[in-house]
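Structure, as structure tokens:
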Amino acid sequence: MERPTTAAEAVAVQERLRPLVRTDRPLPPVRTAAGLDVAYFPGSDRLVAAVTVLDVETLSTVDSRAVRGTADFPYLPGLFAFREAPSLLRALDGLTTSPDVLVCDGQGLAHPRRFGLACHLGVLTGLPSIGVGKTALGRYDPPGEERGATSPLLLDGEVLGRALRTRRGVKPVFVSVGHRCDLDSACELVLRLAPHHRLPETTRTADRLGRDLS
DNA sequence: GCGACAG
DNA sequence: ATCTTGTCGC
């Protein structure tokens with residue numbers, strides 16, 4: 001991936017890659033889904049990028065990879081991908097198998113320039129991708145309390161994702177399309193991946209893997 | 001000056 | 001993201 005030095009350069013990269021995002025078709029059939037997450041060493045820019053690949057039927061882990069690295073870009077809202085994507089791409093390269101979809105820890109189209117981490121990783125790998133954020137970027141009304149309830153996630157007056165209740169009475173997650181996917185199939189998959197907990201099993205296993213090594 | 005601000 | 005105790009609930 002390209003590695004800009006300044007915020008202005010990073011924005012330019014996003015503007016150039018943005019037209020490559022495809023969201024006009026539903027997610028192709030999915031057998032395996034990858035979870036991606038990054039854990040940091042306390043008080044430093046050292047990190048562990050972790051990827052786990054799960055069988056979506058059994059939710060068992062069929063492949064995984066973790067790599068150590070550094071955050072070579074500061075954390076700036078809207079430029080999050082430049083901090084974590086380089087290491088995550090190295091982790092993906094180390095996998096034995098190629099997952100059918102990437103489930104990313106962050107936003108996809110729900111982004112000031114419509115190019116969040118999930119779009120970024122999707123375009124650079126060519127793989128379908130979905131963004132699942134723990135906090136919203138944009139505004140939303142609380143979805144119904146029951147599991148599976150959704151409400152639109154709005155940014156700049158545009159529907160860019162959905163608040164999705166994966167567990168009754170628990171704060172929703174925020175789903176947006178990354179690449180080669182539509183919002184309906186993205187939410188459907190996230191719900192399948194999160195039968196018991198708030199977050200999908202993909203991000204839970206990746207989070208654990210990275211945390212254990214940091 | 002004030003509020004917003006993925007991880 | 002990470003720093004942090006106890007507490008309520010399944």
Side-chain angles (χ1 to χ4, degrees), chain A residues 1 7 10-11 13-14 17-18 21 34-51 66-89 91 102-124 129-140 145-147 152-164 166-179 183 186 190 194-200 202-214:
Chain A
M1 113 180 241
V11 169
V13 171
Q14 291 179 328
L17 296 181
R18 167 69 185 85
V21 171
L36 302 86
D37 192 36
V38 171
Y40 291 83
F41 291 85
S44 86
D45 60 353
R46 296 289 298 167
L47 57 77
V48 175
V51 182
V67 302
R68 299 181 57 149
T70 55
D72 301 314
F73 202 84
Y75 173 69
L76 301 173
L79 300 178
F80 179 51
F82 296 94
R83 191 169 169 77
E84 299 197 340
S87 297
L88 287 171
L89 289 168
L102 307 178
V103 180
C104 306
D105 190 18
Q107 318 294 329
L109 291 180
H111 176 276
R113 283 170 297 280
R114 315 300 185 255
F115 198 73
L117 174 68
C119 302
H120 207 129
L121 290 172
V123 165
L124 265 43
S129 65
I130 297 171
V132 181
K134 294 184 284 294
T135 63
L137 211 169
R139 299 178 50 78
Y140 68 100
E145 289 293 290
E146 71 280 12
R147 168 177 156 81
L153 177 63
L154 294 121
L155 188 59
D156 307 320
E158 226 182 323
V159 177
L160 296 178
R162 271 177 211 154
L164 170 65
T166 53
R167 181 171 180 168
R168 182 175 192 89
V170 172
K171 176 178 176 173
V173 295
F174 304 93
V175 178
S176 58
V177 167
H179 184 50
L183 193 50
V190 170
H196 301 311
H197 303 278
R198 178 189 178 224
L199 296 176
T202 37
T203 64
R204 286 170 50 80
T205 53
D207 181 89
R208 247 183 303 143
L209 176 59
R211 197 167 307 229
D212 287 347
L213 296 175
S214 67

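Chain naming here is simple, since letters A, B, ... match the order of the sequence lines and numbering starts at 1 in each. All values below come from the heavy atoms of this structure, side chains included, with hydrogens, waters and symmetry mates left out.
- For the pair D156(A) and R114(A), the salt-bridge criterion is met [side-chain N within less than 4.0 Å of a carboxylate O].
- DNA chain C forms no stem, meaning no run of 3 or more consecutive Watson-Crick or G-U wobble pairs whose two key distances fall under 3.5 Å.
- At a threshold of 4.5 Å between non-hydrogen side-chain atoms, the residues T203(A) and D37(A) do not count as touching.
- Between S87(A) and L47(A) there is a side-chain heavy-atom pair separated by less than 4.5 Å.
- Side-chain contact of H197(A) with R167(A): a donor-acceptor pair under 3.5 Å is absent, judged by distance alone.
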What donor-acceptor contacts under 3.5 angstrom involve side-chain atoms of residues 74-84 of chain A, with partners at least two apart or in another chain?
{"unit_1": "R83(A)", "atom_1": "NE", "unit_2": "Y40(A)", "atom_2": "OH", "d": "3.4"}
{"unit_1": "R83(A)", "atom_1": "NH1", "unit_2": "F73(A)", "atom_2": "O", "d": "2.7"}
{"unit_1": "E84(A)", "atom_1": "OE2", "unit_2": "Y40(A)", "atom_2": "OH", "d": "2.9"}

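- V48(A) is not listed as a side-chain neighbour of V67(A), based on a closest heavy-atom distance of 4.5 Å or more.
- Within 6.0 Å of CZ on R139(A) lie no more than 12 heavy atoms contributed by other residues, nucleotides or ligands.
- Between the CZ atom of R167(A) and the P atom of dG9(C) there is a distance of 14 Å, rounded to whole Å.
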For nucleotides 5-7 of chain B, list the nitrogen or oxygen atoms of the protein found under 3.5 Å from its nitrogen or oxygen atoms, one pair per line.
{"unit_1": "dA6(B)", "atom_1": "OP2", "unit_2": "Y75(A)", "atom_2": "OH", "d": "2.2"}
{"unit_1": "dA6(B)", "atom_1": "O3'", "unit_2": "T135(A)", "atom_2": "OG1", "d": "3.3"}
{"unit_1": "dA6(B)", "atom_1": "N7", "unit_2": "G78(A)", "atom_2": "N", "d": "3.3"}
{"unit_1": "dA6(B)", "atom_1": "N6", "unit_2": "G78(A)", "atom_2": "O", "d": "3.3"}
{"unit_1": "dA6(B)", "atom_1": "N6", "unit_2": "F80(A)", "atom_2": "N", "d": "3.3"}
{"unit_1": "dA6(B)", "atom_1": "N6", "unit_2": "H111(A)", "atom_2": "NE2", "d": "3.3"}
{"unit_1": "dA6(B)", "atom_1": "N1", "unit_2": "L117(A)", "atom_2": "N", "d": "3.0"}
{"unit_1": "dA6(B)", "atom_1": "N3", "unit_2": "Q107(A)", "atom_2": "N", "d": "3.1"}
{"unit_1": "dG7(B)", "atom_1": "OP1", "unit_2": "K134(A)", "atom_2": "N", "d": "2.7"}
{"unit_1": "dG7(B)", "atom_1": "OP1", "unit_2": "T135(A)", "atom_2": "N", "d": "3.4"}
{"unit_1": "dG7(B)", "atom_1": "OP2", "unit_2": "T135(A)", "atom_2": "OG1", "d": "2.6"}
{"unit_1": "dG7(B)", "atom_1": "O3'", "unit_2": "D105(A)", "atom_2": "OD2", "d": "3.0"}

What do the steps show when you test L199(A) against K134(A) for side chain to side chain contact (heavy atoms under 4.5 Å, CB included), and what is the final call?
-> CA-CA 8 Å; L199(A) 296 176; K134(A) 294 184 284 294; 3.8 Å; yes

